[in-house]
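Note: hydrogens, waters and symmetry copies are ignored here, and every other heavy atom, side chains too, is used. First listed ligand is number 1; within each ligand, the first listed atom is number 1.
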Amino acid sequence: MGERQRLDKLLGNSGYGSRKEIRNLVKQRRVTVDGHVVNDPGIHVEPGVNRIRIDDIEAVYKKFIYIMMNKPGGVISATHDKRHETVIDLLPEEFSNFDVFPAGRLDIDTEGLVLLTNDGQLAHEILSPRKHIPKTYYVHVNGTVTDKDKKAFSEGIVLDDGYNCLPSELDIIKSSETSEVNLTIYEGKFHQVKRMFESLGKKVVYLKRISMGGLKLDPRLEPGQCREITDQELNALKNNC
Ligand code: URA
């Protein structure tokens with residue numbers, strides 16, 4: 001743990017309320033540090049060394065938080081937007097005091113796995129183009145997807161701007177007028193999945209991210225729902241970076 005921080009900032013970052021709410025808790029003499037009632041919300045404390053209690057219940061210090069969301073269509077994977085709802089707007093009250101941001105973007109009409117975190121280092125690793133973190137999408141495509149397409153994906157699709165995609169893996173679930181596939185890609189160019197299919201003359205009509213690195217979207221999460229990821233899931237994600 002190690003570094004000293006302002007008490008109000010530490011409690012705020014750990015989900016105990018806004019700075020103002022924490023100042024009020026202090027005013028109401030409900031916060032103690034090492035058994036002494038705190039009068040100044042700005043005192044410096046050291047997580048793991050000083051014992052912080054609120055209403056006599058030990059405060060749990062969280063350095064970082066990691067939330068998996070099933071992003072619905074129509075919502076932007078950004079922190080602010082003037083016109084549309086964002087993934088941050090969808091966060092329930094319990095997460096509203098954490099300064100999280102989405103680690104990576106999905107198009108407005110794409111659904112599925114978005115990781116929201118305040119861990120800038122992990123987000124950077126996930127997004128680093130050098131890391132080639134696999135991302136798997138469940139896709140509905142207008143047109144019959146065939147083994148010939150599978151081969152084209154495995155050899156590397158060339159996009160409309162001449163960019164040579166890395167080899168990717170196509171699993172055909174259903175091949176008919178509207179086909180269903182899972183596609184795993186190892187990079188994240190703008191509208192990449194849609195453009196890959198366009199290169200083969202096919203149109204993506206539904207797109208959902210179902211995994212990113214070692215993290216799989218919890219199928220129990222309805223669109224718009226989210227939950228903190230488990231330690232196991234976090235390890236799986238970190239092991240893939
Ligand atoms: N590829 C796309 O085309 N859109 C997304 O949202 C993600 C990957």
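Geometrically, ligand 1 and R195 share no nitrogen or oxygen pair separated by less than 3.5 Å.
Against a heavy-atom cut-off of under 4.0 Å, Y137 is close to the following atoms of ligand 1: 7 (C), 8 (C). Residue-ligand proximity, T110 to ligand 1, at heavy-atom distances under 4.0 Å covers atoms 4 (N), 5 (C), 6 (O).
The protein non-hydrogen atom at the shortest distance from atom 4 (N) of ligand 1 is D107 OD2, 2.7 Å. V193 N, 3.1 Å is the protein heavy atom nearest to atom 1 (N) of ligand 1.
Clustering ILVMFWY residues whenever any of their side-chain heavy atoms sit less than 4.5 angstrom apart, transitively, puts Y186 in a cluster other than the one holding Y137.
At a heavy-atom distance under 4.0 Å, only side-chain atoms of L207, from C-beta outward, approach ligand 1.
Residues V33 and I52 are in side-chain contact: their nearest non-hydrogen atoms beyond the backbone lie under 4.5 Å apart. The shortest side-chain heavy-atom distance between L200 and F153 falls under the 4.5 Å cut-off.
The one candidate from E180, K208, E111 that meets the side chain to side chain donor-acceptor pair (under 3.5 Å) condition with Y138 is E180.
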Verdict with supporting geometry, K189 and C165, side-chain contact (heavy atoms from CB on, under 4.5 Å): CA-CA 9 Å; K189 301 283 169 212; C165 295; 5.9 Å; no
